[in-house]
Amino acid sequence: MMTKTVAELLSQEVTLQDVTVKGWVRTFRANRFIALNDGSTLNNIQCVVDFENFDEATLKRVTTGAAIHISGDLVESQGKGQKVEIQVKKLEILGDSDPETYPIQPKKHSFEFLRENAHLRTRTSTFSAIMRVKSSLSFAVHKYFTENGFYNMHTPMITASDAEGAGEMFRVTTLDAKNPPLNKNGEVDFSQDFFGKEANLTVSGQLEAETYAMSLGKVYTFGPTFRAENSNTSRHLAEFWMIEPEVAFMDLAGNMDLAEDFVKSVINYILEHNQEDLDFLDNRLFNEEKTKPQAERSPMRLIEKLKFVTDNNFKRVSYTEAIDILRQSKPNKKKKFKYLIEEWGADLQSEHERFLVEKHFKCPVILFDYPANIKAFYMRLNDDGKTVRAMDVLFPGIGEIIGGSQREERLDVLKEKMKALDIPEEELWWYLDLRKYGTAVHSGFGLGFERLVMFATGMGNIRDVIPYPRTPQNAEF
């Protein structure tokens, strides 16, 4: 007997004798029709039981959530809604599910309720679709970089440096929390800690990736990063995954080319390989949007939004030009923006970024040459002394999705910038070494993977695109 997945059985063009399948019961109707799902596809396969041929005690155990093993013949379906179904010859209960206590009953559940039952939420159509799309995107990331000559590297998760300079880091320590050793100044003596110094969970693998790019040429990281930022928003997580390529001998223009090509490639991959799941998520979002006031609805459906990215050339606009556009814009003049744009140097909010993409240019936008004082120390200073060679890729619906820059390759300029920001040279001596021994122009960017998954699936909350979200006051599961 051939054991098949539900996806394989549903794709069969012919009837088959003696097939076997295992999965979880979604519903059992009229003591006759079992809807079975095994996670391989959005769709259930209908298994038809002739209840007169089965023990009543066994049939009573066919409840929502139960794991079962079915053997029978795959035949053309008599009813509507499916091409094929299984005429059940043998039914075995592998694992019972108590219908009184099983949380994922066949009815509509709120996303808040499903977050509380995150260990079971992938048994719903929405979350199984999200996680299959996420898996495909992950594969597409590695595929793209491998095919384009990049080497994958694993940067350390425990670090003694703060790449972003924001200071919002989780400490890693083995010191006694109640009675830590103190030095003569009464401060915690980290020389007695496990690493002999203060250590934290990383906020980015970028600095380490730069070191490898300056010998291997093209590298990328794809790993977990951590921010101890007390942001309880629908877009922030304390633990998330980052994709960070770094490339030697590549300037800002090359960096923009890479970001555009990369993001189009991974989105094209899911459009080709996850059509069934994307169609479902597209309809889910469309129905959800219908419940919102007209002004809050997205002008585009999900698949339309994905094709908006893959089918358009990204418009490249300097920060200075963008500020002028925003300052003169109707929403700014009529005070419709929550944050009004009054002068050059303002940090753009997602409402501004979305205006540029959705209303003004009507295509994805790459902003570049930002004011130096709102960007990180490692970004290459322009000749004007005011701006850096930074770039942000802006998408419809969310605003910034990728942030990157040409890195500062000049030792003297980098030292000056670190001094101005009170970053001790001895902390990053190895990073400065790159500028001493064979320095060259190099660039890279960072993409928060879960933000990309949000965009690709149409989900409104980042907690719904990661298996077990880590947020302020929440480390359940």
(request) Check the pair S350, E400 against side-chain hydrogen bond (donor to acceptor under 3.5 Å, both in side chains), reporting the backbone distance first and the verdict last. (result) CA-CA 7 Å; S350 63; E400 186 220 325; over 6 Å; no

(request) Please list all pairs passing the salt bridge (Lys or Arg N to Asp or Glu O under 4.0 Å) test where one or both residues lie in residues 135-154, with sequence neighbours left out. (result) K143-E147

(message) Would L10 and I45 count as a side chain to side chain contact (heavy atoms under 4.5 Å, CB included) here? Give the steps.
(response) CA-CA 7 Å; L10 291 175; I45 191 160; 4.0 Å; yes

(request) Only counting residues at least two apart or in another chain, list the ones meeting salt bridge (charged side-chain N to carboxylate O under 4.0 Å, His left out) with E476. (result) none

(message) Looking at R121 and D464, is there a salt bridge between them, counting it only when a charged N and a carboxylate O are closer than 4.0 Å?
(response) yes

(request) Not counting sequence neighbours, which residues clear side-chain contact (heavy atoms from CB on, under 4.5 Å) with N382? List them please. (result) D369, D384, T387, R389

(message) If the condition is side chain to side chain donor-acceptor pair (under 3.5 Å), which residues does S234 pass it with, not counting sequence neighbours?
(response) none

(request) Check side-chain contact (heavy atoms from CB on, under 4.5 Å) between A440 and all other residues, then give those that pass, not counting sequence neighbours. (result) M214, F249

(message) Run the ring-ring contact (aromatic ring centres under 6.0 Å, His included) test against Y370 and tell me which residues pass, sequence neighbours left out.
(response) Y319

(request) Decide side chain to side chain contact (heavy atoms under 4.5 Å, CB included) for E198 and R171; before the verdict, give the C-alpha distance in whole Å, the side-chain angles of both, and the deciding distance to 0.1 Å. (result) CA-CA 8 Å; E198 196 173 344; R171 184 172 292 155; 2.8 Å; yes

(message) Applying side chain to side chain contact (heavy atoms under 4.5 Å, CB included) to F361 and F355, what does each step give before you reach the verdict?
(response) CA-CA 9 Å; F361 291 109; F355 174 83; over 6 Å; no

(message) Looking at every non-hydrogen atom in both residues, tell me the closest pair between L285 and L302 and how far apart they are.
(response) CD2-CB, 4.1 Å

(message) Rounded to the nearest 0.5 Å, what separates atom CG in D251 from atom CE in M256?
(response) 8.0 Å

(request) Evaluate the criterion side-chain hydrogen bond (donor to acceptor under 3.5 Å, both in side chains) for residue pair W241 and T225; output intermediate values, then yes/no. (result) CA-CA 6 Å; W241 287 62; T225 51; over 6 Å; no

(message) For K315, give me all partners under salt bridge (charged side-chain N to carboxylate O under 4.0 Å, His left out), at least two apart in sequence or on another chain.
(response) none

(request) Start with the C-alpha distance between E244 and S204, add both sets of side-chain angles, then the distance that settles side-chain hydrogen bond (donor to acceptor under 3.5 Å, both in side chains), and finish with yes or no. (result) CA-CA 8 Å; E244 298 175 296; S204 165; 2.6 Å; yes

(message) To check you understand the geometry: which heavy-atom pair defines the closest contact between G399 and R354, and what is its length?
(response) N-CG, 3.8 Å

(message) Taking the basic N atoms (NZ, or NE/NH1/NH2) and the acidic carboxylate oxygens, is any pair closer than 4.0 Å for R284 and D277?
(response) no

(message) Under a 4.0 Å threshold between the charged nitrogen and the carboxylate oxygen, would E343 count as salt-bridged to R327?
(response) no

(message) If you compare all heavy atoms of N37 against all heavy atoms of N43, which two are closest, and at what distance to 0.1 Å?
(response) ND2-O, 3.3 Å

(request) Not counting sequence neighbours, list each pair that qualifies as a salt bridge (Lys or Arg N to Asp or Glu O under 4.0 Å) and has a residue in residues 431-448. (result) E210-R435, D433-K436

(request) Taking all heavy atoms of L201 and all of M169, pick out the closest pair and write down the distance. (result) O-CE, 3.6 Å

(message) Ignoring hydrogens, what is the shortest heavy-atom contact between V141 and F262? Give both atom names and the distance.
(response) CG2-CZ, 4.0 Å

(request) Starting from the C-alpha separation in whole Å, work towards a yes-or-no answer on side chain to side chain contact (heavy atoms under 4.5 Å, CB included) for S405 and F368. (result) CA-CA 9 Å; S405 71; F368 62 91; over 6 Å; no

(message) Looking at R301 and E289, is any side-chain nitrogen of the basic one under 4.0 Å from a carboxylate oxygen of the acidic one?
(response) no

(request) With sequence neighbours left out, write down each residue that passes side-chain contact (heavy atoms from CB on, under 4.5 Å) with H119, or none if nothing qualifies. (result) N117, Y468, F477

N/O donor to acceptor pairs below 3.5 angstrom from side-chain atoms of residues 148-157, sequence neighbours left out:
unit_1 : atom_1 : unit_2 : atom_2 : d
N148   : ND2    : Y144   : O      : 2.7
N152   : ND2    : Y220   : O      : 3.2

(request) Output all residues satisfying side chain to side chain donor-acceptor pair (under 3.5 Å) with N332, sequence neighbours left out; order by chain, then residue number. (result) none

(request) State, without any angle test, whether S136 and R132 hold a side-chain donor-acceptor pair at a distance under 3.5 Å. (result) no

(message) Taking the basic N atoms (NZ, or NE/NH1/NH2) and the acidic carboxylate oxygens, is any pair closer than 4.0 Å for K338 and E351?
(response) no

(message) So, using side-chain contact (heavy atoms from CB on, under 4.5 Å) as the criterion, who are the partners of V413 when residues are at least two apart?
(response) L381, E408, R410, K417

(message) What I want to find out is whether E260 reaches R316 closely enough, with some N-O distance under 4.0 Å, to be called a salt bridge.
(response) yes

(request) Look at K415 together with D412 and state whether they make a salt bridge at an N to O cut-off of under 4.0 Å. (result) no

